Amino acid sequence: TPIHAPVTSPASNLIISATTAVETQKKNRIQVSNTKKPLFFYVNLAKRYIQQHNEVELSALGMAITTVVTISEILKNNGLATEKRVLTSTVGMKDENKGKIIEIVLAKSDKFDSLMTPAPEEEAVANMGEKPIETEAREGKKE
């Protein structure tokens with residue numbers, strides 16, 4: 001993909017330049033689709049990215065914008081993340097006149113590590129596994 005000359009946006013006076021897809025793909029960026037994966041796939045992925053990189057960038061185009069906002073609100077309402085930056089823009093599309101884009105950057109909250117660490121009783125229950133068949137059979141019988 002060729003690199004185009006920088007374009008100055010009159011509204012914000014920012015310099016925007018088109019680069020290759022490889023250069024723009026960040027390790028902590030999740031491009032959300034509202035048709036490919038369920039909502040909580042993205043919520044759990046965002047938690048993992050926050051844990052690894054201390055922040056996550058959620059981005060979406062068009063109809064998936066509401067999904068990104070929902071993911072962001074779930075993480076913020078559960079005390080796992082704080083909103084760092086929100087960017088909205090429109091871009092020219094081949095099929096349509098304009099496409100809307102949103103990018104939300106969430107930072108790791110102060111409470112993230114304590115909220116992500118399971119309580120001792122939760123961990124014990126998770127490690128118990130299923131009961132052996134004999135135990136279930138004995139518990140079902142009345143003597």
Side-chain angles (χ1 to χ4, degrees), residues 1-140:
T1 314
I3 297 176
H4 302 284
V7 178
T8 304
S9 172
S12 58
N13 219 9
L14 294 174
I15 295 178
I16 303 165
S17 62
T19 57
T20 63
V22 175
E23 289 173 333
T24 58
Q25 185 63 30
K26 297 178 184 176
K27 290 183 179 178
N28 64 337
R29 178 179 220 178
I30 301 172
Q31 293 177 311
V32 175
S33 164
N34 60 347
T35 58
K36 294 190 178 180
K37 300 280 184 189
L39 175 71
F40 277 91
F41 168 84
Y42 292 113
V43 171
N44 291 324
L45 185 60
K47 286 179 190 178
R48 193 172 327 136
Y49 279 27
I50 291 170
Q51 205 164 28
Q52 292 171 350
H53 305 287
N54 292 326
E55 69 177 33
V56 65
E57 182 179 314
L58 303 167
S59 73
L61 181 65
M63 299 298 287
I65 289 173
T66 54
T67 306
V68 162
V69 172
T70 303
I71 295 163
S72 172
E73 289 302 311
I74 288 169
L75 294 168
K76 290 189 306 183
N77 290 338
N78 287 318
L80 297 168
T82 58
E83 197 170 273
K84 193 172 178 182
R85 183 174 68 244
V86 178
L87 172 74
T88 58
S89 59
T90 56
V91 291
M93 304 284 283
K94 291 178 186 175
D95 300 338
E96 304 167 21
N97 291 338
K98 288 184 180 177
K100 296 189 184 336
I101 296 175
I102 190 168
E103 290 179 6
I104 300 176
V105 178
L106 299 174
K108 188 181 204 178
S109 74
D110 296 337
K111 297 184 272 181
F112 183 89
D113 292 323
S114 63
L115 291 170
M116 288 298 288
T117 306
E121 61 272 5
E122 288 177 26
E123 198 170 329
V125 170
N127 292 332
M128 280 176 48
E130 295 182 19
K131 294 180 185 178
I133 295 170
E134 310 92 54
T135 307
E136 289 177 2
R138 265 188 267 129
E139 287 177 356

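Source: prediction; values computed, not measured. Below, all heavy atoms of this structure are taken into account, side chains as well, without hydrogens, waters or symmetry copies.
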What residues, two or more places apart in sequence or in another chain, satisfy side chain to side chain contact (heavy atoms under 4.5 Å, CB included) together with Ser33?
Thr35, Lys36, Tyr42
Those residues that, when tested against Lys108, pass salt bridge (charged side-chain N to carboxylate O under 4.0 Å, His left out) (two or more places apart)
Asp113
Return each pair, listed once, that meets salt bridge (charged side-chain N to carboxylate O under 4.0 Å, His left out) where at least one residue sits in residues 42-52; pairs must be two or more places apart or across chains.
none
In the structure I gave you, are the side-chain heavy atoms of Ile102 and Leu87 within less than 4.5 Å of one another anywhere?
no
Which residues satisfy the side chain to side chain contact (heavy atoms under 4.5 Å, CB included) test with Thr67, sequence neighbours excluded?
Val32, Asn34, Leu39, Ile71
Only pairs at least two apart or in different chains count here, so list each side-chain hydrogen bond (donor to acceptor under 3.5 Å, both in side chains) that has a residue in residues 71-80.
Glu73-Lys76, Lys76-Glu83
Begin from the C-alpha positions of Thr88 and Lys100 and carry the test side chain to side chain contact (heavy atoms under 4.5 Å, CB included) through to its verdict.
CA-CA 7 Å; Thr88 58; Lys100 296 189 184 336; over 6 Å; no
d(Phe112 CZ, Thr82 OG1) to nearest 0.5 Å is 11.5 Å
Between Ala81 and Ile50, what is the shortest heavy-atom contact and its length?
CB-CD1, 4.0 Å
Which residue pairs pass the salt bridge (charged side-chain N to carboxylate O under 4.0 Å, His left out) test with at least one member in residues 57-67, sequence neighbours excluded?
Lys26-Glu57, Arg29-Glu57
Test your reading of the model: is there a side-chain donor-acceptor pair from Thr117 to the backbone of Ser114, 3.5 Å cut-off?
no
Would you please name every residue forming a side chain to side chain contact (heavy atoms under 4.5 Å, CB included) with Leu61, sequence neighbours left out?
Met93, Ile101
Listed by chain and number, what are the salt bridge (charged side-chain N to carboxylate O under 4.0 Å, His left out) partners of Lys84, not counting sequence neighbours?
Glu55
Applying side chain to side chain contact (heavy atoms under 4.5 Å, CB included) to Thr66 and not counting sequence neighbours gives none
Among Asn28, Leu80, Leu58, which residue meets the side-chain contact (heavy atoms from CB on, under 4.5 Å) test with Leu106?
Leu58
Tell me if a side-chain donor or acceptor on Ser109 pairs with a main-chain N or O of Gly79 at a distance below 3.5 Å.
yes
Would you check, one step at a time, whether the test side chain to side chain contact (heavy atoms under 4.5 Å, CB included) holds for Ile30 with Val56?
CA-CA 7 Å; Ile30 301 172; Val56 65; 3.7 Å; yes
Would you indicate whether Met116, at its atom CE, is surrounded by more than 12 heavy atoms from other residues, nucleotides or ligands within a distance under 6.0 Å?
yes
